[in-house]
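Structure first, then comments.
The chains referred to below are lettered A, B, ... by the order of the sequence lines, with proteins before strands, and numbering in each begins at 1.
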Number of protein chains: 2
Amino acid sequence: MTVVQMVNQQTVPAALCVTEETHPRPDGRDQYTISEVAAFTGMSAHTLRWYERIGLMPHVDRSNTGQRRFSNRDLDWLAFVGKLRLTGMPVADMVTYAELVREGKRTEPQRKALLEATRTDVVQRIAELQDTLTVLDYKIGTYAGAEQAPERTGA
Amino acid sequence: MTVVQMVNQQTVPAALCVTEETHPRPDGRDQYTISEVAAFTGMSAHTLRWYERIGLMPHVDRSNTGQRRFSNRDLDWLAFVGKLRLTGMPVADMVTYAELVREGKRTEPQRKALLEATRTDVVQRIAELQDTLTVLDYKIGTYAGAEQAPERTGA
DNA sequence: CACTTGCCTGGAGTGCGCTCCAAGGTCTTA
DNA sequence: TAAGACCTTGGAGCGCACTCCAGGCAAGTG
């Protein structure tokens, strides 16, 4: 049975609670194949392998035949990465963050600083977008009355 | 005298009033060289030429020696393009919009539809970012107390 | 007049984030 | 046990949005 197609479900339950275990669990096993993970995260299997290669994933378990077996912890991490990606943070920076995590507790101050910088960026992006929204609304306003498919208006 | 460096001033007066004439006028001439425009828009001269090549700019005036002379109208258009760019709209779509504008008044319904679709995207992006902010705050919270540069804390 | 600075062009190059390919091994279901 | 879906790897390729280069013209300054 082929894995169900459910790409692009970014809208996971909002409280993804990183490294806590409130994760949408595909089933009870805590062992997911790459295509399952692809389906759940909306990332492609290619991307998941690539993330691992560049050091954006902590080492993923393998089956005795060498196939990846992702854990719930991995899923949590990927959900967080997905969020960071939404902010437009460069992948290289996420790798840096991942490296800091790997280095252990003593890097927490740096990690905090990094996230705070990201936070600032996000706040600014939101402001920019809201500004853009104003412009867009103004522009749309100037087209007011111009309806799509203007023929057969008299229905 | 070289043009003043003031790259990256995205934060133009918010009411940029596309094709209206409330524009920050570099001086009174209504004729700007490419490097002046680059300074005012924060786009590189390369990018401005490229935008023209791909049809994202209405035809720009030229001096008798063939140099570009941008008008206030061009600046307005570029400000709008800058806003669209912030939304993440692909350049190809902006070109489409520019083509519609060139085709005249009868394309207004399409243009309106296009902007409305963009608006929807922007609203969604804002929501995503706000969601991300929540996650970020949660994460930062877990690092609370971890201060940058922990040595010499006892000051 | 030489020199510097700025502009022009077509086309090539860059960096990012994937995305795909080839060649092969594995797992599942009939 | 055989087909077919799935997994593995290193490395090549792609699309986007620039970004830069070479070679050349034009205008201002000492």
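Under the side-chain hydrogen bond (donor to acceptor under 3.5 Å, both in side chains) criterion, B/Thr134 pairs with no residue, sequence neighbours left out. By the salt bridge (charged side-chain N to carboxylate O under 4.0 Å, His left out) test, A/Arg69 pairs with no residue at all, sequence neighbours left out. Every residue was checked against the side chain to side chain contact (heavy atoms under 4.5 Å, CB included) condition with A/Arg53, not counting sequence neighbours, and none meets it. Annotation: side chain to side chain contact (heavy atoms under 4.5 Å, CB included) contacts of A/Pro58 (sequence neighbours excluded): A/Asp74, A/Trp77. Every residue meeting the side chain to side chain contact (heavy atoms under 4.5 Å, CB included) condition with A/Ala45, not counting sequence neighbours, appears here in chain and number order: A/Ile34, A/Arg49. Qualifying side chain to side chain contact (heavy atoms under 4.5 Å, CB included) partners for A/Ser44, counting only residues two or more places apart in sequence or in other chains: A/His46, A/Thr47.
Here C/dT9 is the nucleotide among C/dG17, D/dA17, C/dT9 with the atom lying nearest to any side-chain atom of B/Arg49. Among the nucleotides C/dC8, D/dT19, D/dC7, the one closest to any side-chain atom of B/Trp50 is D/dT19.
Legend: ring pair (Phe, Tyr, Trp, His ring centres under 6.0 Å) pairs involving residues 100-137 of chain A, not counting sequence neighbours: none detected. Residue pairs satisfying the ring pair (Phe, Tyr, Trp, His ring centres under 6.0 Å) criterion with at least one member in residues 100-124 of chain B, sequence neighbours excluded, are absent.
Residues from residues 52-62 of chain B that place a heavy atom under 4.0 Å from any atom of DNA chain D: there are none. Of all the residues in residues 91-102 of chain B, B/Val91 reach under 4.0 Å from DNA chain D with at least one non-hydrogen atom.
If you take NE2 of A/His46 and P of D/dG10, they are 15 Å apart, rounded to a whole angstrom. In this structure, the OH atom of A/Tyr32 is 16 Å from the P atom of D/dC7, given to the nearest Å. The CG-C1' distance, from B/Leu48 to C/dT9, rounds to 16 Å in whole Å. If you measure from atom CD of B/Glu36 to atom P of C/dT5, you get 18 Å, rounded to the nearest angstrom. As a whole-Å value, the separation of A/Met43 CE from C/dT19 C1' is 15 Å.
Residue A/Ser35 places at least one side-chain N or O closer than 4.0 Å to OP1 or OP2 of D/dC7. Using a 4.0 Å cut-off, some side-chain N or O of A/Tyr51 falls inside it from OP1 or OP2 of C/dC18.
Classification of A/Lys83 and B/Asp131 as a salt-bridged pair holds, one side-chain N sitting under 4.0 Å from a carboxylate O.
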Using residues 117-124 of chain B as the side-chain source, report each donor-acceptor pair under 3.5 Å to any protein atom, sequence neighbours left out, with the distance given to one decimal.
residue, atom, partner, partner atom, Å
B/Thr118, OG1, B/Leu114, O, 2.9
B/Arg119, NH1, A/Asp137, OD1, 2.5
B/Arg119, NH1, A/Asp137, OD2, 2.7
B/Thr120, OG1, B/Glu116, O, 3.0
B/Gln124, NE2, B/Glu128, OE2, 3.3

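Across all strands, A/Arg68 comes closer than 4.0 Å only to sugar-phosphate atoms, never to a base (heavy-atom distances).
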Using nucleotides 22-27 of chain C, report all nitrogen or oxygen pairs with the protein that are shorter than 3.5 Å.
residue, atom, partner, partner atom, Å
C/dC27, OP1, A/Thr65, OG1, 2.6

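Contact of the A/Thr107 side chain with the A/Arg102 side chain is not registered, since no non-hydrogen atoms from C-beta on lie closer than 4.5 Å.
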